[in-house]
Number of protein chains: 2
Amino acid sequence: MKKITINSVASYAGVSKKTVSRVLNNEPNVSDATREKVLKAFKELDYTPNPIARGLARNRSFIIGCLYDNPSKSYITRLQSGALAACHEHGFNLLIHPCELRAEALLENIEQLLQTSRLDGLVLTPPFSDHAELVAFLRKKGVPFARVASVKLDDDSISVRSNDEQGAFEITELLINMGHKDIAFIKGHPDHSATEQRFNGYRRALKQHGIEYQERLVEEGNFSYHSGADSARTILHLNPRPTAVFASNDYMAAAALKLATQMNLKVPDDISIAGFDNAPIARHIWPGLTTIAQPVEEMTRLAVDHLIEQINHATDEQQEGEQRQPLQLTLEAELITRESTAAPKA
Amino acid sequence: MKKITINSVASYAGVSKKTVSRVLNNEPNVSDATREKVLKAFKELDYTPNPIARGLARNRSFIIGCLYDNPSKSYITRLQSGALAACHEHGFNLLIHPCELRAEALLENIEQLLQTSRLDGLVLTPPFSDHAELVAFLRKKGVPFARVASVKLDDDSISVRSNDEQGAFEITELLINMGHKDIAFIKGHPDHSATEQRFNGYRRALKQHGIEYQERLVEEGNFSYHSGADSARTILHLNPRPTAVFASNDYMAAAALKLATQMNLKVPDDISIAGFDNAPIARHIWPGLTTIAQPVEEMTRLAVDHLIEQINHATDEQQEGEQRQPLQLTLEAELITRESTAAPKA
DNA sequence: CTGAAAGCGCTTACAG
DNA sequence: CTGAAAGCGCTTACAG
């Protein structure tokens, strides 16, 4: 059982291997008859082009790297799933690269990754998508990249985000409309742009409804369950105690819920609790968490899809002189109401 | 800024590129002086070999594929993390490949994956590690593979598992020693070998302590949260109601806990609940779940480590005629006691 | 519309 | 211990 290469196909179809290469790459300037012959040879020989050989000739790896550093496993798998979908659609592969944002040698680490794996592009997920230094570094090196769930940094990079500010606004407004006035807030990790956005949405809702902002009701978390537990401990012992807690993600909200239960507070009767992200835990606990669902897979899929198109058209564009618009999209988030929120007891 | 290749290094060091290649691959038959010269050139030129060119010449991709189909995101990321660790140690990359076990075209899907991505090997995680047909297929095709968390299928494949039977035994025994006699059991997915093993451990503990096995206390689940909720509904409405529930994983246990709480049953006072896996949810809910922790990262790391060594030594072995032992390991699981289990109320 | 030549950056097999 | 030649399976210029 010999290996089937472009040469096998060429001799089988009775053409040169350059012609085979042309139909492989959907290039023009091949007569329909010739194309048919070659296509038939592909089928009959069960030929699959060798991406490694193609990569060497074109100086490409057909691999996209995905950077992440996130405490939420479900978030990570959703990112991966969206990125994979886009990669497969274009015949690319995905290399996952978990790494620590705060590591000393982050840039060196990334540089080595690029050097050794010869990635064609990088998809940056939070908090890397907001890492200005990293973005500048990649731009300087000429490495194509796309940013997921980030703030606007500039005008010419691919970026897909969801409307965190609006989501936080809506969940806060929901609580206000239920009759809450003392609504505590647990912030996320300061390195994530989502943290500020969600905080802004919270404040905008308060303001719009004429409720005074109270600094004593705001705690700093970092998106981890543990940080949520710490923040909740402070909040739940406040006097007077707020009637609602809005945590910047579901893990921190779950921690607040667990603590409330341990303190014999009924949720939502004694205290309402809301989260953000619609992680699996939001529906796995009782009461289920009111939260905000973001289209994480779709965001990542779109970002990687455009990244690969940019990579693929890099050469064409030079010729055609036609600069394509970089994608900058904001998708909407969705409010999900569950049992953890209700009107405060009179 | 020209590209640095093996030729740049060769001319810089004043040797042939074959010699550079030799030091690159740690081959013998290079004088220390020459080796030093070349190593120095590597440093000064900041040279990194191109894995794509090397791959083409050696007919290798230096990529391991990881197959999985699992409802637990934390389990998936732990698998990935262990596999990545082993890959990086050997200069390999990891390709993640989520796919559905029950898909019609599974074997075709895998074959295409192998064809298009030219993987050097495959790591099979549950339930693929127990898929006899897939294992036979890979063996026939001569694709190196390793199996994680599987049963013994044969004598010559790499396989690393944990002692599920013993873990289930210990958790059941814990409940028995607390005074429970009516202990319900929720089974896992029938395609996972762990399902049978955990069930066996449960039965062995009952038997060893002279407690009669009651079929009415056993429900079929499939490891998903949803299936746990369904099974728990039946179990918690049993009359007489068992005093403890042991679910084959933490998601199903969490579902049972949620339902019990909704039914106003106190856990563990009215009913004890135990899970398996020590997933994050086990400590994120209240009361925390008594469960079994498995060394998933370590299992996967070991499996992939040996897989790559097998791949790397495939050629050497032929020459040396020295057949190395395939790795077949069983690691121990650890009982973790939390608040969800206690003696039954008198 | 088609093809012969050279090359991508490495390694293998052979010679010395 | 070292190197010149050929090759891995593709693509990029260039010619016709």
Side-chain angles (χ1 to χ4, degrees), chain A residues 2-39 41-42 45-62 91 115-118 120 312 314-316 318-319, chain B residues 2-39 41-42 45-62 91 115-118 120 312 314-316 318-319:
Chain A
K2 252 194 82 215
K3 254 186 297 182
I4 306 297
T5 73
I6 198 174
N7 288 307
S8 332
V9 176
S11 67
Y12 186 92
V15 298
S16 76
K17 67 185 190 185
K18 172 65 226 189
T19 299
V20 177
S21 170
R22 266 190 268 261
V23 347
L24 220 42
N25 294 293
N26 277 313
E27 286 172 30
N29 294 337
V30 181
S31 75
D32 286 352
T34 314
R35 190 178 297 273
E36 284 306 319
K37 261 196 310 192
V38 175
L39 254 18
F42 285 170
L45 264 35
D46 195 21
Y47 170 70
T48 316
N50 184 333
I52 300 182
R54 180 187 289 205
L56 180 58
R58 295 226 292 227
N59 194 24
R60 303 258 246 94
S61 63
F62 303 101
Q115 270 286 314
T116 57
S117 297
R118 312 274 158 154
D120 289 336
N312 282 340
T315 335
D316 309 8
Q318 293 179 335
Q319 302 169 327
Chain B
K2 250 193 85 214
K3 254 187 299 183
I4 305 297
T5 72
I6 197 174
N7 287 305
S8 333
V9 177
S11 67
Y12 187 92
V15 298
S16 76
K17 67 185 190 186
K18 172 64 224 188
T19 298
V20 177
S21 170
R22 265 191 269 262
V23 347
L24 220 41
N25 294 292
N26 275 314
E27 287 172 29
N29 294 336
V30 182
S31 74
D32 286 351
T34 315
R35 190 178 298 272
E36 285 308 318
K37 262 195 309 192
V38 175
L39 254 18
F42 286 169
L45 264 35
D46 197 20
Y47 169 71
T48 316
N50 184 332
I52 300 182
R54 180 188 289 206
L56 180 59
R58 294 224 294 225
N59 194 26
R60 303 259 246 95
S61 63
F62 303 100
Q115 270 285 314
T116 57
S117 297
R118 313 273 157 152
D120 289 337
N312 282 341
T315 334
D316 309 7
Q318 292 178 338
Q319 301 170 325

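Labels below follow one simple rule: chain letters A, B, ... track the order of the sequence lines, proteins then strands, and each chain is numbered from 1.
- Across all strands, A:Asn50 comes closer than 4.0 Å only to sugar-phosphate atoms, never to a base (heavy-atom distances).
- Rounding to the nearest 0.5 angstrom, the gap separating the OG atom in A:Ser21 from the CD1 atom in A:Ile6 is 5.0 Å.
- One distance of note links CZ of A:Arg54 with CG of B:Leu56; it measures 13.5 Å at 0.5 Å rounding.
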Yes or no on side-chain contact (heavy atoms from CB on, under 4.5 Å) for B:Asn50 and B:Lys3, after CA distance, side-chain angles and deciding distance? CA-CA 11 Å; B:Asn50 184 332; B:Lys3 254 187 299 183; over 6 Å; no
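- Atom OG of residue A:Ser11 and atom NZ of residue A:Lys17 lie 11.5 Å apart, to the nearest 0.5 angstrom.
- Residues B:Arg58 and B:Ser31 both approach DNA chain D. Their nearest nucleotides, taken by heavy-atom distance, put B:Ser31 toward the 5′ side.
- For DNA chain D, if you chain together Watson-Crick or G-U pairs that step i with j, i+1 with j-1 and so on, the runs of at least three with distances under 3.5 Å are C:1-3 with D:14-16, C:5-12 with D:5-12, C:14-16 with D:1-3.
- First and last contacts of DNA chain D with chain B, using any nucleotide atom under 4.0 Å from a protein heavy atom and ordered 5' to 3', fall at D:dC1 to D:dG9.
- Distance check: B:Asn29 CG to B:Thr34 OG1 gives 11.5 Å after rounding to the nearest 0.5 Å.
- To the nearest 0.5 angstrom, A:Asn7 atom CG is 4.0 Å from A:Thr5 atom OG1.
- Across the interface with DNA chain D, nearest-nucleotide mapping of B:Asn29 and A:Leu56 shows B:Asn29 to be the residue nearer the 5′ end.
- Put simply, CG on B:Asn59 and CG on B:Asp120 are 8.5 Å apart, with the number rounded to the nearest 0.5 Å.
- Across all strands shown, B:Pro49 has heavy atoms under 4.0 Å from sugar-phosphate atoms exclusively, and none from any base.
- Using a 4.0 Å heavy-atom cutoff across all strands shown, A:Asn25 reaches sugar-phosphate atoms only and no base atom.
- Between the side chain of B:Asn25 and the backbone N or O of B:Glu27 there is no donor-acceptor pair closer than 3.5 Å.
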